[in-house]
Amino acid sequence: MQDQPPAPAGHAGDTPAACPAGPHHPAPEAPGPVPELFSWEFATDPYPAYAWLREHAPVRRTRLPSGVEAWLVTRYGDAKQALADPRLSKNPAHHGQPAHAKSKTGIPGERSANLMTHLLNIDPPDHTRLRRLVSKAFTPRRVAEFAPRVQELTDRLIDQFAEKGQADLIHDFAFPLPIYAICDLLGVPREDQDDFRDWAGMMIRHGGGPRGGVARSVKKMRGYLAELIHRKRLEPGDDLISGLIRASDHGEHLTENEAAAMAFILLFAGFETTVNLIGNGTYALLTHPDQRERLQDSLRDGDTGLLETGLEELLRFDGPVELATWRYATEPLTVGGEDIATGDPVLVVLAAADRDPERFRYPDTLDLSRRDNQHLGYGHGIHYCLGAPLARLEGQTALATLLRRLPDLRLAAEPGDLRWRGGLIMRGLRTLPVEFAPAQRSK
């Protein structure tokens, strides 16, 4: 149990439908109808539906909007077990459903663009080899060295709208920050980074729509990465792509396709998660003014402790990744009392697990000082998010700088009027309109 105080009455964001009383709350006499999943209304607030699933069908076979059938795992204990279970493979080759269903899983276009051999699609020993190579770019030392650049990017983006008194924090801030940061790490020249921003924007805009738009962007990105890898072989630098090439040249057996796939997935997985972390986190603070005020006061006093615990709480409360990426049973197994057949897809619902009242006391209450917070927002096991240190740096820098430079930041729309992007894996806002006192132009 956590050492959190009882949730205050009328706490913003807590409603009877979305806030179980705690682990000993009695279950309803009858479960009632299964809540509708994956509708636009569900996307706005999926947590009541996830609470129903945790209570009545914690491991449930579900037909997804794409027509693919998969098991949804919603309780924390089951989720943690599934994320670390070696019988649940990341390799799509183990998907036992027909070919047309297989084409509807994973990232659109990655198969046709020859970008399948990345960390989200492979198992040991290849996963171990590739992860070891890439992990060198995300050590605490390397991330700390990158902090000044993240701060520079953050301030530059805020400078572009600070005098206007209004902004869309997704388009103007949360989206470009991680794009430019990951491009710098990969070694994409500054003059080419706006192309990456355009391709990444296409991926986000089509997140809940036709897969063709994403696939076209993936194809363009693949062509560019092939050319960039060739240039880096001729003129290597101190960047991640050059490091992957050097590893390949020194006997690590990294093929060009593997290098391109690794660069692609670091960009794909490394930008949208951080876009949503900044967007969802800012939105949560703006709709929980007491917590936002606590954080501003602590930052004003030069204390970063609440910022550090607060970011973890924002990841737990309304994190950027709603469902973990696809897994496939390589043999019959049982999860949460349900028998899963060989070849069945399994999707772990991180958003549901991280609000499980059996693990988190008052799970629907946002408490930035929550200490016992072993959330699953970055996964668990050998596929734990490699870029978590960088995402934490970007998230902490973005939120702290926004609150410091725009202290009266406020929503410029009613929460019910905001729209969340459709899609299966990610959770994020389409827009986040805000207002604030315009900053005075520096002389």
Side-chain angles (χ1 to χ4, degrees), residues 59 61-73 79 81-135 203 211-212 214-215 218-219 221-222 225-226 244 248 252-269 321 323-335 338-350 379-386 423-426:
V59 180
R61 189 175 176 90
T62 304
R63 183 177 294 276
L64 305 174
S66 64
V68 176
E69 291 191 356
W71 292 92
L72 300 183
V73 180
Q81 171 200 334
L83 290 172
D85 195 324
R87 297 171 297 176
L88 290 174
S89 169
K90 298 292 292 175
N91 189 340
H94 292 292
H95 188 178
Q97 295 185 19
H100 73 275
K102 293 181 181 181
S103 69
K104 296 179 180 179
T105 64
I107 300 169
E110 63 178 354
R111 190 182 302 273
S112 61
N114 221 352
L115 291 171
M116 293 290 289
T117 52
H118 56 68
L119 289 175
L120 296 185
N121 281 344
I122 57 176
D123 304 315
D126 285 337
H127 176 271
T128 307
R129 173 175 61 91
L130 293 181
R131 188 178 177 99
R132 183 176 66 250
L133 293 176
V134 181
S135 64
M203 292 176 184
R211 293 166 67 86
V214 180
V218 169
K219 184 177 181 180
M221 195 177 294
R222 175 65 174 92
L225 288 172
L244 291 174
S248 177
E252 290 283 0
H253 308 297
L254 189 72
T255 68
E256 183 169 309
N257 278 341
E258 287 176 333
M262 288 302 306
F264 163 72
I265 201 59
L266 288 171
L267 177 73
F268 191 92
V321 183
L323 283 75
T325 49
W326 296 83
R327 285 165 167 78
Y328 311 93
T330 58
E331 61 182 80
L333 71 152
T334 301
V335 178
E338 295 290 341
D339 295 329
I340 295 174
T342 301
D344 279 0
V346 175
L347 290 167
V348 176
V349 187
L350 305 179
H380 175 67
I382 65 170
H383 291 283
Y384 182 84
C385 178
L386 192 64
L424 190 63
I425 302 298
M426 300 293 183

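Nearest heavy-atom pair, Leu350 versus Ala324, reported as atom, atom and distance to 0.1 Å: CG-N, 3.8 Å. Taking every heavy atom of both residues into account, Pro345 and Val68 meet most closely at CG-CG1, 4.5 Å. The shortest heavy-atom contact between Ala341 and Ala329 is O-CB, 3.4 Å. Minimum heavy-atom separation, Pro332 to Thr342: CD-OG1, 3.1 Å. Considering all non-hydrogen atoms of both residues, Val348 and Ala79 come closest at CG1-CB, 3.4 Å. Across all non-hydrogen atoms, the minimal contact from Gln81 to Thr334 is NE2-O, 3.6 Å.
Atoms CD1 and CG, from Ile265 and Leu386 in turn, are 11.5 Å apart once rounded to the nearest 0.5 Å. One distance of note links CD of Glu338 with CD1 of Ile340; it measures 8.0 Å at 0.5 Å rounding. Here the CG-CG distance, from Leu266 to Leu119, works out to 7.0 Å after rounding to the nearest 0.5 Å. Note that CD1 of Ile425 and CH2 of Trp326 are 7.0 Å apart. Values are rounded to the nearest 0.5 Å. For the atom pair His127 NE2 and Ser89 OG, the distance stands at 11.0 Å (nearest 0.5 Å). Here CG of Leu88 is found 11.5 Å from OH of Tyr328. Values are rounded to the nearest 0.5 Å.
When atom types are taken as modelled, the side chain of Arg327 and the backbone of Thr325 share a donor-acceptor pair closer than 3.5 angstrom. Looking at Asp123, its side chain does come within 3.5 Å of a backbone N or O of Lys90 through a donor-acceptor pair. The backbone N or O of Arg131 lies less than 3.5 Å from a partner atom in the side chain of Ser135, making a donor-acceptor pair. The main-chain N or O of Arg87 is found under 3.5 Å from a side-chain atom of Thr330 such that the two form a donor-acceptor pair.
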(Q) Go through it in stages, so that I can follow the logic: the residues are His94 and Asn91, the test is side-chain contact (heavy atoms from CB on, under 4.5 Å), and I'd like the CA-CA distance, side-chain angles, deciding distance and then a yes or no. (A) CA-CA 6 Å; His94 292 292; Asn91 189 340; 3.8 Å; yes

(Q) Determine whether Phe264 and Leu225 satisfy the following criterion, side-chain contact (heavy atoms from CB on, under 4.5 Å), listing intermediate values before the conclusion. (A) CA-CA 8 Å; Phe264 163 72; Leu225 288 172; 3.9 Å; yes

Q. Checking side-chain contact (heavy atoms from CB on, under 4.5 Å) for the pair Leu64/Glu69: CA distance, chi angles, key distance, verdict?
A. CA-CA 6 Å; Leu64 305 174; Glu69 291 191 356; over 6 Å; no

Q: Verify side-chain contact (heavy atoms from CB on, under 4.5 Å) between Arg129 and Asp126, making sure each step is shown before the conclusion.
A: CA-CA 5 Å; Arg129 173 175 61 91; Asp126 285 337; 3.5 Å; yes

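At a threshold of 4.5 Å between non-hydrogen side-chain atoms, the residues Met426 and Val321 count as touching. Counting heavy atoms from C-beta on, the side chains of Val335 and Trp71 never come closer than 4.5 Å. Proximity of Asn121 to Pro92: side-chain heavy atoms (C-beta onward) are separated by under 4.5 Å at one or more points.
When each of Val73, Leu333, Leu72 is tested with Val346 by the rule side-chain contact (heavy atoms from CB on, under 4.5 Å), just one qualifies, namely Val73.
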